[in-house]
Amino acid sequence: MAGFSKKMRLLTAADFKRVFDAPDQRSVDHLFTLLVRKNDLGYSRLGMAITKKRLKRAVDRNRAKRIIRETFRGQQDKLVGVDVVVMNRNALVNAENIELFQSLAKHWSRLGKL
RNA sequence: AGAGUUGGCCAGGCAACCGCGCUACCGAAAGGUAUCGAGGAAAGUCCGGGCUCCAUAGGGUAAAGCGCCAGGUAAUGCCUGGGGGGCGAAAGUCUACGGAAAGUGCAGCAGAAAAUAUACCGCCUAAGUGCCUUUCGGGGCGCCGGUAAGGUUGAAAUGGUGCGGUAAGAGCGCACCGCGUCGGCGGCAACGUUCGGCGGCAAGGUAAACCCCGCUUGGAGCAAGACCAAAUAGGGGGACAAUGGUGUGACCCGCACUGUUCCCGGGUAGGUUGCUUGAGGUAUGUGGUGACGCAUACCCUAGAUGAAUGGUUGUCCACGACAGAACCCGGCUUAUCGGCUAACUCUCACU
RNA sequence: GGCUGGGUAGCAAAGUGGUUAUGCUGCGGAUUGCAAAUCCGUCGACGGCGGUUCGAUUCCGCCCUCAGCCU
């Protein structure tokens, strides 16, 4: 299983802006919105935009980010050369961890067909 | 055994695999190895400090906060101990608790009257006086009056009880209780006083109304600030002149800037730093009723920056609540499944 | 992370230590052949919990909630 080091993340505002301005693909359900754009790096990068407005408590935000990272880590061999931004939606507040895993698994498999 | 009061502590454990962050070491690099890695509230941002910068933070005014006393502390609106008052049978607990004998304001409705003393229902007819009556003692109705004991209202009505006193009454007088004040005594003080004197009692409530008195407070906040530095676009320092204009985060005094000339390069995105050794912990001894102080020894115990402490599985049990550091401390407040523990009070039973 | 401002009927919006205006909406009635418009009447609220006060929407404290600013 692959690791998740710093170069596999979107770090700067410019990186985020590149994805937000012209995403190649979107994947949406009631829990998450994913924006994807291809890059030329040969590996995938993950960025998260988890807003305080929709997840009030810091514990919930950290939980969501951990689970997103954990699933991304497991899917890196299928995703080659894309930048992904994950955003949270309203229903995330009351969702169980299992639901998050199931939802994210669908998203990643959808992106895998890209 | 039951009921209750107050304080302290813990916050799932163990194992395996896969991951994340800092630091150290190895390596040319990729990476590897090892240690460590959220809380009692990390929260709310309600107070108090440290730290940093700013036109001065200086003087005056204003404004804000605090408010029984003493102590603790870096400091506090916090804590400890004590006093007064409220609640409780008790252990205990709550308490913004200075001043209304400086001034101003406020009090709807009700009530006679709401702060000035007044008189609605009442009570009285002694004194003065008018009329009537008389068995000549007096009696009745009035006027002028007296009174605040009783009744009524209200959140609040000008000490309480008793006796004397009186026309009826009244601190009018006396006794006791209460209150105020002076002295003594106790206490550092707040305050207490079963001590003595004086005062017939004045000074109604409200200051989380204005206010007065005392004390405290410059402003901003690590997104502070410092350093390295693309793009773009302007700046900084010295000297001289003017005293007009502008700014100064409450205002004034005051202070700074603006013009000309000479010299010098400046610093937004981004990055680095600030960033964790500290009013630090633990143990022992010691002073103190206590908060806490002192001494000695030992320990280093998160430091991220799109932001690390997680995932899966097994197992045990009491079946796991509230909840995630972002410059750092001390408090307060709020959230919280359950468990452990100490001291104390009351009731019942037995010995 | 830090710093500000606001919560009054279903909606909007004044107000103040002593029974909280007003407009639209809702309901009932009048008017009409029926409606609209108009007129009359009426229901419905001070975010929550404590404290100060005789009395709190107002004053004070804590909490909840909404919005904004600094990046």
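A note on names: the letters A, B, ... follow the listed sequences, proteins ahead of strands, and every chain is numbered from 1.
Separation of the P atoms belonging to B/rA302 and B/rG278 is 14 Å when rounded to the nearest angstrom. Spacing of P atoms, B/rA75 relative to B/rG48, comes out at 15 Å, to the nearest Å. Nucleotides B/rG271 and B/rA230, compared at atom P, are 16 Å apart to the nearest Å. Rounded to a whole angstrom, the distance from the P atom of B/rG72 to that of B/rA291 is 14 Å. For B/rC109 and C/rG55, the C1' atoms lie 12 Å apart once the distance is rounded to whole Å. The gap from the C1' atom of B/rC255 to that of B/rC54 amounts to 14 Å, rounded to the nearest Å. Rounded to whole Å, the separation between the P atoms of B/rG293 and B/rC316 comes to 49 Å. Rounded to a whole angstrom, the distance from the P atom of B/rA89 to that of B/rG81 is 25 Å.
Between A/R66 atom CZ and B/rU312 atom P there is a gap of 12 Å when expressed in whole angstrom units. A/L100 places its CG atom 14 Å from the C1' atom of B/rG310, with the value rounded to the nearest Å. Atom CG in A/D60 sits roughly 11 Å away from atom P in B/rC322 (whole-Å rounding). A/E70 places its CD atom 8 Å from the P atom of B/rG311, with the value rounded to the nearest Å. Regarding A/F72, its CZ atom lies at a distance of 13 Å from the P atom of B/rC20, rounded to whole Å. For the pair A/L46 CG and B/rC20 C1', the computed distance is 14 Å after rounding to whole Å.
In this structure, the side-chain contact (heavy atoms from CB on, under 4.5 Å) partners of A/S103, at least two apart in sequence or on a different chain, are A/D29, A/L31, A/F32, A/H107. Every side-chain contact (heavy atoms from CB on, under 4.5 Å) that A/N62 has, sequence neighbours left out, goes to A/K65, A/R66.
Between A/R63 and A/L100 there is a side-chain heavy-atom pair separated by less than 4.5 Å.
Relative to the side chain of A/V59, the nucleotides B/rG310, B/rG324, B/rG306 differ in distance, and B/rG324 lies closest. Side-chain atoms of A/R69 lie closest to B/rA308 of the nucleotides B/rC18, B/rA308, B/rU312.
In this structure, B/rU296 is classed as anti because its glycosidic torsion departs from zero by more than 90°. Applying the 90° cutoff around 0 to the glycosidic angle, B/rA325 is assigned anti.
Pairing each heavy atom of A/V86 with each of A/I50, the nearest pair is O-CD1, 4.3 Å. Nearest approach of A/I68 to A/T71, heavy atoms of both residues: O-OG1, 2.9 Å.
Results of the side-chain contact (heavy atoms from CB on, under 4.5 Å) test with A/V36 over A/V82, A/V85, A/D83, A/V19 single out A/V82 as the only residue that passes.
Look at A/R61 and you won't find any side-chain N or O under 4.0 angstrom from OP1 or OP2 of B/rG306.
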*asked:* Set out, in order, the CA-CA distance, both residues' side-chain angles and the distance that settles side chain to side chain contact (heavy atoms under 4.5 Å, CB included) for A/R69 and A/L46, then state yes or no.
replied: CA-CA 8 Å; A/R69 274 197 294 266; A/L46 173 69; 4.3 Å; yes
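Comparing A/N62 and A/F101 against RNA chain B, the residue whose closest nucleotide sits nearer the 5' end is A/F101. In terms of position along RNA chain B, the nucleotide closest to A/I98 lies nearer the 5' end than the nucleotide closest to the other residue of the pair A/I98 and A/R63.
No salt bridge links A/K38 with A/D24; every basic N to acidic carboxylate O contact stays at or beyond 4.0 Å.
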Show the distances under 3.5 angstrom between N or O atoms of the protein and N or O atoms of nucleotides 66-71 of chain C.
none

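Checking B/rA224 for Watson-Crick or G-U wobble geometry (two distances, each under 3.5 Å) identifies no partner in any strand.
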